[in-house]
Asker: 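What follows is a structure written as structure tokens; I'll ask about it next.
Worth saying up front: this structure is predicted, and the values here are computed from it rather than measured.
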Amino acid sequence: MNRNLYFYEALCYNKDVMRNKLTSFFVLFLGILASSMIFFNVENLNIFAAEKDFVKKRQVLVKYKNSDKIEIVNATDGVNIWQFISDLEKNINIDFAEPNYSYKAAIIPSDTYYGNQWYLQKIKAPEAWNTTRESSDKIIAIIDSGVQINHPDLKENIWRNNKEIPGNNIDDDNNGFIDDINGWDFVANTSDPNPKFEEGYTSAGILHGTIVAGVAAASGNNASGVSGVTW
């Protein structure tokens, strides 16, 4: 499955293109599920992390029948941890034996397509979000094919030049650009940074800047679209 396809669909503002691409995406996705029956979600990530930590620590919770306490038993190095638990369960003096899993709290955003954003797990973004999720005092410059400044997942985070008065055709901040409220189109030499759907350009190519902007700073935890690295 082409991972780039997802971002194009999630951030595309052209509804007709989005509808066609989403249909192809889900047909492909359902085909993969039918053939492999492998389901991947954020909850599984937490389970895998907890199991990995358990195997490393090799600690088992044991409840003996003659005691009300639950004790921690350490498995000897070199012994198969799962066989160790199985042997304990067969002991008539033991009520139960189970892995001593350690689960850590993590921020899981509500964005619709967050489960598909494999790269956020790769860079450990959820762990970072436990510390900080916003960077409103930072400006990110996207030098690309333009950005859809009214995109529903981006519009709240689009930079605004407060030193410029919109629509007065005057360079109020004296930076050499007239009415550059949200950025500048250096190809068409206009104050409109939105991508231009002109002949000769593909929709996927012209929307690349919007995709990149979304990866960096799409509004997070807003129950729609994707989650940016910084919300």
Side-chain angles (χ1 to χ4, degrees), residues 1-29 109 111-114 116-120 122-123 125 134-231:
M1 179 171 61
N2 186 346
R3 288 168 172 168
N4 291 329
L5 178 63
Y6 159 70
F7 299 112
Y8 170 65
E9 292 154 359
L11 292 169
C12 179
Y13 201 52
N14 185 317
K15 294 182 179 179
D16 291 334
V17 174
M18 183 178 180
R19 187 181 300 109
N20 293 336
K21 290 294 183 179
L22 278 174
T23 300
S24 299
F25 171 78
F26 284 114
V27 169
L28 176 60
F29 184 63
D111 303 273
T112 309
Y113 299 105
Y114 170 71
N116 298 74
Q117 294 182 272
W118 58 270
Y119 63 91
L120 291 176
K122 194 75 172 178
I123 65 172
E134 301 174 353
S135 54
S136 57
D137 59 331
K138 307 298 180 185
I139 299 173
I140 301 174
I142 304 295
I143 305 174
D144 210 298
S145 59
V147 173
Q148 293 171 320
I149 59 176
N150 290 321
H151 189 285
D153 224 13
L154 289 173
K155 62 183 180 180
E156 299 301 324
N157 289 341
I158 295 294
W159 171 80
R160 182 178 176 82
N161 184 1
N162 294 319
K163 297 179 180 179
E164 195 77 22
I165 299 174
N168 67 353
N169 203 33
I170 298 175
D171 181 12
D172 299 288
D173 58 1
N174 296 312
N175 68 348
F177 302 100
I178 297 174
D179 291 338
D180 56 323
I181 304 301
N182 302 117
W184 194 262
D185 183 338
F186 288 91
V187 175
N189 197 32
T190 72
S191 60
D192 178 16
N194 282 282
K196 311 301 189 290
F197 292 87
E198 299 176 358
E199 186 176 353
Y201 295 97
T202 64
S203 295
I206 208 66
L207 289 170
H208 189 270
T210 302
I211 295 169
V212 172
V215 170
S219 297
N221 203 35
N222 64 346
S224 67
V226 297
S227 178
V229 174
T230 177
W231 296 356

Asker: Sequence neighbours left out, what pairs pass salt bridge (charged side-chain N to carboxylate O under 4.0 Å, His left out) with at least one residue falling in residues 178-191?
Answerer: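 Qualifying pairs, neighbours excluded: Asp185-Lys196.
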
Asker: Would you give the length of the straight line joining atom CG of Asn182 to atom CG of Asn161, rounded to the nearest 0.5 angstrom?
Answerer: 8.5 Å

Asker: Can you give me the closest heavy-atom contact between Ser219 and Glu156, atom names plus distance?
Answerer: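 Closest pair (atom of Ser219, atom of Glu156, distance): OG-CB, 4.0 Å.
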
Asker: Flag the pair Pro109 / Trp231 as yes when at least one side-chain heavy-atom distance between them is below 4.5 Å, and no otherwise.
Answerer: yes

Asker: Do the side chain of Ser227 and the main chain of Tyr114 share a donor and acceptor less than 3.5 angstrom apart?
Answerer: no

Asker: Under 3.5 Å, sequence neighbours excluded: what are the donor-acceptor pairs made by side chains of residues 134-143?
Answerer:
| unit_1 | atom_1 | unit_2 | atom_2 | d |
| --- | --- | --- | --- | --- |
| Ser135 | OG | Thr230 | OG1 | 2.7 |

Asker: Quick one: closest heavy-atom pair of Gly209 and Ser145, and the distance?
Answerer: N-OG, 3.1 Å

Asker: For residues Trp184 and Asn189, determine if any side-chain heavy atom of one lies less than 4.5 Å from a side-chain heavy atom of the other.
Answerer: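 Yes, side chains in contact.
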
Asker: Taking salt bridge (charged side-chain N to carboxylate O under 4.0 Å, His left out) as the definition, give me every residue that meets it alongside Asp144, ordered by chain and number, with sequence neighbours left out.
Answerer: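 By the salt bridge (charged side-chain N to carboxylate O under 4.0 Å, His left out) rule, Asp144 matches no residue at all.
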
Asker: Give, for atom OG of Ser191 and atom CD1 of Ile178, the distance between the pair rounded to the nearest 0.5 Å.
Answerer: 9.0 Å

Asker: Rounded to the nearest 0.5 Å, how far apart are NZ of Lys163 and CG of Asn174?
Answerer: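 One gets 10.5 Å once the value is rounded to the nearest 0.5 Å.
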
Asker: What distance separates Glu164 CD from Asp171 CG, expressed to the nearest 0.5 Å?
Answerer: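 Taking CD in Glu164 and CG in Asp171, the distance rounds to 5.5 Å.
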
Asker: Hey, could you give me the CH2/CD1 distance between Trp118 and Ile123, rounded to the nearest 0.5 Å?
Answerer: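 Rounded to the nearest 0.5 Å, the CH2-CD1 separation comes to 10.0 Å.
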
Asker: A side-chain contact here means heavy atoms from C-beta on lying under 4.5 Å apart; do Ser224 and Asp153 qualify?
Answerer: yes

Asker: Please tell me if the side chains of Tyr201 and Leu207 come closer than 4.5 Å, counting only heavy atoms from C-beta onward.
Answerer: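 A side-chain contact is absent here, since even the closest heavy-atom pair is not under 4.5 Å.
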
Asker: Just how far is it from atom CG of Asn194 to atom OG1 of Thr210, taken to the nearest 0.5 Å?
Answerer: 7.5 Å

Asker: State, yes or no, whether a side-chain contact exists between Ile165 and Ile170 at a heavy-atom distance under 4.5 Å.
Answerer: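 Side-chain contact under 4.5 Å: no.
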
Asker: Do Val215 and Tyr119 have side-chain heavy atoms sitting under 4.5 Å apart?
Answerer: yes

Asker: Is any side-chain heavy atom of Leu154 closer than 4.5 Å to a side-chain heavy atom of Ile149?
Answerer: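 No, too far: nothing below the 4.5 Å cut-off.
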
